[in-house]
Amino acid sequence: MKQDMPVKSEIYQESLSYVPSLFLHSGKEGLQAYRQAVDLVKETLSKFYAAYPKPYRGKAPKEVGVDVKSLWPISEAGESLQDVLQEIYTSLLSNAIHVTHTKSIAHLHCPPLIPALAAEMMISALNQSMDSWDQSAAATYLEEEMIRWLCGAFGYQEGADGTFTSGGTQSNYMGLLLARDAFCWKHWGWNVQKDGLPPEARRLRILCSEDAHFTVKTSASQLGLGENSVVLIKTDHRRRLCVKDLHQKLAQLRQEQLFPFALVATCGTTDFGSIDPLREMAKLAKENGIWLHVDAAYGGALLLSRDFSGKLQGIELADSITVDFHKLFYQPISCGAFLVKDGTSFRFIHHHANYLNPVEDEEEGVPHLVNKSVQTTRRFDALKLFVSLRVIGTERFGEMIDYTFRLAQAAADRISEMDKLTVLNKQPELNAVVFRYQPAFCQDKEMVNKANRLICRMLLQRGSAVIARTSIDGTAYLKFTLLNPRTTIEDIESILEEVQKLGDMYIRGGIH
Ligand SMILES: *Cc1c(COP(=O)(O)O)cnc(C)c1O
């Protein structure tokens with residue numbers, strides 16, 4: 001089809017007339033299109049928030065699926081942003097979980113701060129990538145300074161280092177990865193990065209409490225050690241790792257000639273917010289030559305607390321720390337960090353790609369953060385945390401967090417006073433409250449379990465509240481995770497009343 005091919009000069013002359021208004025750049029069309037787009041989104045979201053008084057509109061999963069399908073097809077010619085946003089509004093926004101609602105209190109899922117939302121706009125527009133300096137320039141230094149600040153705040157000394165991550169899953173994975181590789185190098189001169197797992201790998205063990213996050217196990221499996229390499233330590237009456245059991249398990253492992261190389265302490269367990277005895281665990285880890293990783297995805301925010309930061313004592317003894325900012329630091333997803341006491345540990349994951357981070361650059365002192373991450377292309381999430389901290393200040397930040405801790409205590413007290421409800425953690429360590437509907441007049445255990453599960457679902461369907469459910473030793477429980485500093489005790493009381501009513505209705509056969 002020779003005659004159909006454009007001649008070379010035509011390609012150069014051809015320019016796509018619509019392109020300038022599709023990108024943000026110095027030209028007038030780009031600037032104008034950007035402003036219009038931002039205004040449209042601003043209006044759509046404002047309309048959504050103003051008109052959405054519930055935590056959820058209440059549609060069943062299948063109905064939501066149908067609504068979303070109605071957004072198709074994708075046309076050949078394209079449409080205006082305004083039209084697309086209008087459809088998004090009806091099919092998607094209306095069926096979203098309203099996370100900033102004061103009765104959206106299910107998970108470690110926070111309302112995002114407005115300064116962070118502002119920063120997000122800059123993060124995505126600038127689109128810096130944190131892997132190499134020539135894709136980020138100033139952003140690299142800002143992240144480095146934020147990491148320095150965080151290391152200092154957690155009590156780490158000179159030589160500590162870290163990286164921003166996608167969250168606790170990645171941070172825990174990195175902690176265990178470095179722990180594994182450091183152990184193999186130290187004991188057997190074995191380079192896992194180059195040679196894979198050593199012959200002794202089947203005897204490597206990770207220790208954590210029964211209440212530790214499931215990502216300890218998933219990390220173990222991804223690290224080629226298998227979930228069975230994770231040895232679970234019992235917890236005490238407050239759901240903290242039991243040091244006595246840790247002693248015993250360590251002795252047992254030694255006897256079986258196994259190699260415990262990592263101990264994971266949790267600072268803020270997912271269900272109860274419990275904090276493991278960090279100092280005692282650090283001591284045992286040191287005596288046994290084990291890497292101590294503290295998973296403070298949730299509890300790391302105690303850092304800013306005015307009245308409860310003492311609960312973090314001992315965290316500075318950890319070899320590495322996980323902290324999430326998309327939980328109690330009120331950042332939009334995703335935003336987390338991984339910190340390590342000895343920054344040289346990152347050598348275990350160094351990789352030089354000639355196109356990205358050549359050795360010469362390192363020699364010249366040009367920082368390429370890809371050397372400290374398991375990601376390559378990476379968002380500039382440090383900016384939103386920085387902007388939030390600068391705007392709000394550490395004092396108000398701490399006040400907000402402390403308010404939620406007190407609210408949790410007040411909620412636990414209220415539940416204790418109610419006839420048909422019982423609270424499992426009477427003194428919440430952070431802001432998670434675990435309780436259940438358990439009327440004296442009904443002894444049918446399975447029926448009460450069902451009632452609790454149903455209560456959670458009915459609250460969602462009615463759009464009255466988004467709360468969580470969990471199961472502890474085969475018993476169904478309900479859970480509040482009180483991250484939102486706008487939630488009041490009145491919000492809690494009205495949910496509790498409804499919980500009792502729904503439970504009663506079910507037991508009496510009113511709902512199925
Ligand atoms: C949330 C959480 C994680 C997982 O973190 P993501 O940010 O969801 O990846 C790990 N550990 C604890 C204790 C958590 O609360």
Side-chain angles (χ1 to χ4, degrees), residues 97 99 105-112 116 150 154 162-177 179 206-223 227 230 232-233 235 238-241 262-278 281 292-303 311-312 315 318 320-339 373-375 378-379 381-382 384-385 401 404-405 408 425 428-434 468 470 472 479-483:
I97 299 290
V99 289
I105 49 177
H107 302 283
L108 284 164
H109 185 184
C110 65
L150 285 164
F154 277 109
T163 179
F164 273 73
T165 64
S166 61
T169 306
Q170 193 184 14
S171 301
N172 283 347
Y173 171 78
M174 289 188 77
L176 292 169
L177 169 72
I206 296 165
L207 299 145
C208 67
S209 95
E210 287 169 343
D211 281 30
H213 197 263
F214 71 86
T215 49
V216 174
K217 281 193 176 164
T218 49
S219 300
S221 94
Q222 288 156 6
L223 290 167
E227 292 190 356
V230 179
L232 298 181
I233 311 295
T235 50
R238 293 187 68 183
R239 305 259 160 185
R240 295 172 301 198
L241 178 136
L263 173 62
V264 179
T266 311
C267 179
T269 58
T270 311
D271 268 350
F272 293 94
S274 305
I275 300 172
D276 287 340
L278 303 178
M281 289 173 74
L292 177 68
H293 176 73
V294 176
D295 178 359
Y298 178 12
L302 282 166
L303 196 72
K311 293 187 185 204
L312 270 182
I315 199 165
S320 54
I321 299 172
T322 286
V323 54
D324 262 359
F325 306 115
H326 54 216
K327 289 175 178 166
L328 251 181
F329 282 84
Y330 305 110
Q331 296 303 298
I333 298 162
S334 64
C335 196
F338 170 72
L339 307 175
S373 180
V374 294
Q375 282 175 263
R378 192 160 56 82
R379 285 169 55 86
D381 288 316
K384 60 198 185 199
L385 181 64
I401 292 166
T404 69
F405 295 157
N425 54 339
E429 191 75 60
L430 302 176
N431 46 27
V433 186
V434 183
T470 183
I472 292 151
K479 185 172 86 165
F480 292 154
T481 312
L482 300 168
L483 302 186

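For ligands, and for the atoms within them, numbers begin at 1 and follow the listed sequence.
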- request: For H213, counting its heavy atoms only, list the atoms of ligand 1 lying under 4.0 Å from any of them.
  value: 2 (C), 3 (C), 4 (C), 10 (C), 11 (N), 12 (C), 14 (C)

- prompt: So, N431 and T404: side-chain donor and acceptor under 3.5 Å apart, yes or no?
  reply: yes

- request: Please determine if Q170 has a nitrogen or oxygen closer than 3.5 Å to a nitrogen or oxygen of ligand 1.
  value: no

message: Quick one about N172 and S219 (side-chain donor to acceptor, distance below 3.5 Å, no hydrogens or angles considered), yes or no?
response: no

- prompt: Which of the atoms of ligand 1 are close to L108, meaning less than 4.0 Å from one of its heavy atoms?
  reply: 15 (O)

- prompt: Tell me: protein heavy atom nearest atom 15 (O) of ligand 1, and distance?
  reply: K327 NZ, 2.9 Å

message: Counting non-hydrogen protein atoms only, what is the nearest one to atom 6 (P) of ligand 1? Give residue, atom name and distance.
response: G168 N, 3.3 Å

message: Please check whether G167 reaches ligand 1 - meaning an N/O of the residue sits under 3.5 Å from an N/O of the ligand, judged on distance alone.
response: no

field: Under 4.0 Å to a heavy atom of T169 - the qualifying atoms of ligand 1, by number
entry: 4 (C), 5 (O), 6 (P), 9 (O)

- prompt: Are G268 and ligand 1 in contact, using a heavy-atom cut-off of under 4.0 Å?
  reply: yes

query: Are H293 and T322 linked by a side-chain donor-acceptor pair shorter than 3.5 Å?
result: yes

- prompt: Tell me, which protein residue and heavy-atom name are nearest atom 13 (C) of ligand 1, and how many Å apart are they?
  reply: D295 OD2, 3.3 Å

- prompt: Is a donor on one side and an acceptor on the other found under 3.5 Å between the side chain of Q375 and the backbone of S373?
  reply: no

- request: Please test I275 against R240 for side chain to side chain contact (heavy atoms under 4.5 Å, CB included), starting from the C-alpha separation and ending with a verdict.
  value: CA-CA 6 Å; I275 300 172; R240 295 172 301 198; 5.6 Å; no

query: Does D324, backbone or side chain, put an N or O under 3.5 Å from an N or O of ligand 1?
result: yes

- prompt: Would T165 and S171 count as having a side-chain donor-acceptor pair, cut-off 3.5 Å?
  reply: yes

message: Suppose we call two aromatic rings close when their centres sit under 6.0 Å apart. Are F164 and F325 close by that rule?
response: yes

query: Once you round to the nearest 0.5 Å, how far does CG of D211 lie from CZ of F272?
result: 7.0 Å

Under 4.0 Å to a heavy atom of N172 - the qualifying atoms of ligand 1, by number: 10 (C), 11 (N)

task: For ligand 1, indicate whether the residue T269 contacts it via side chain, backbone, both or neither (heavy-atom separation under 4.0 Å).
output: neither

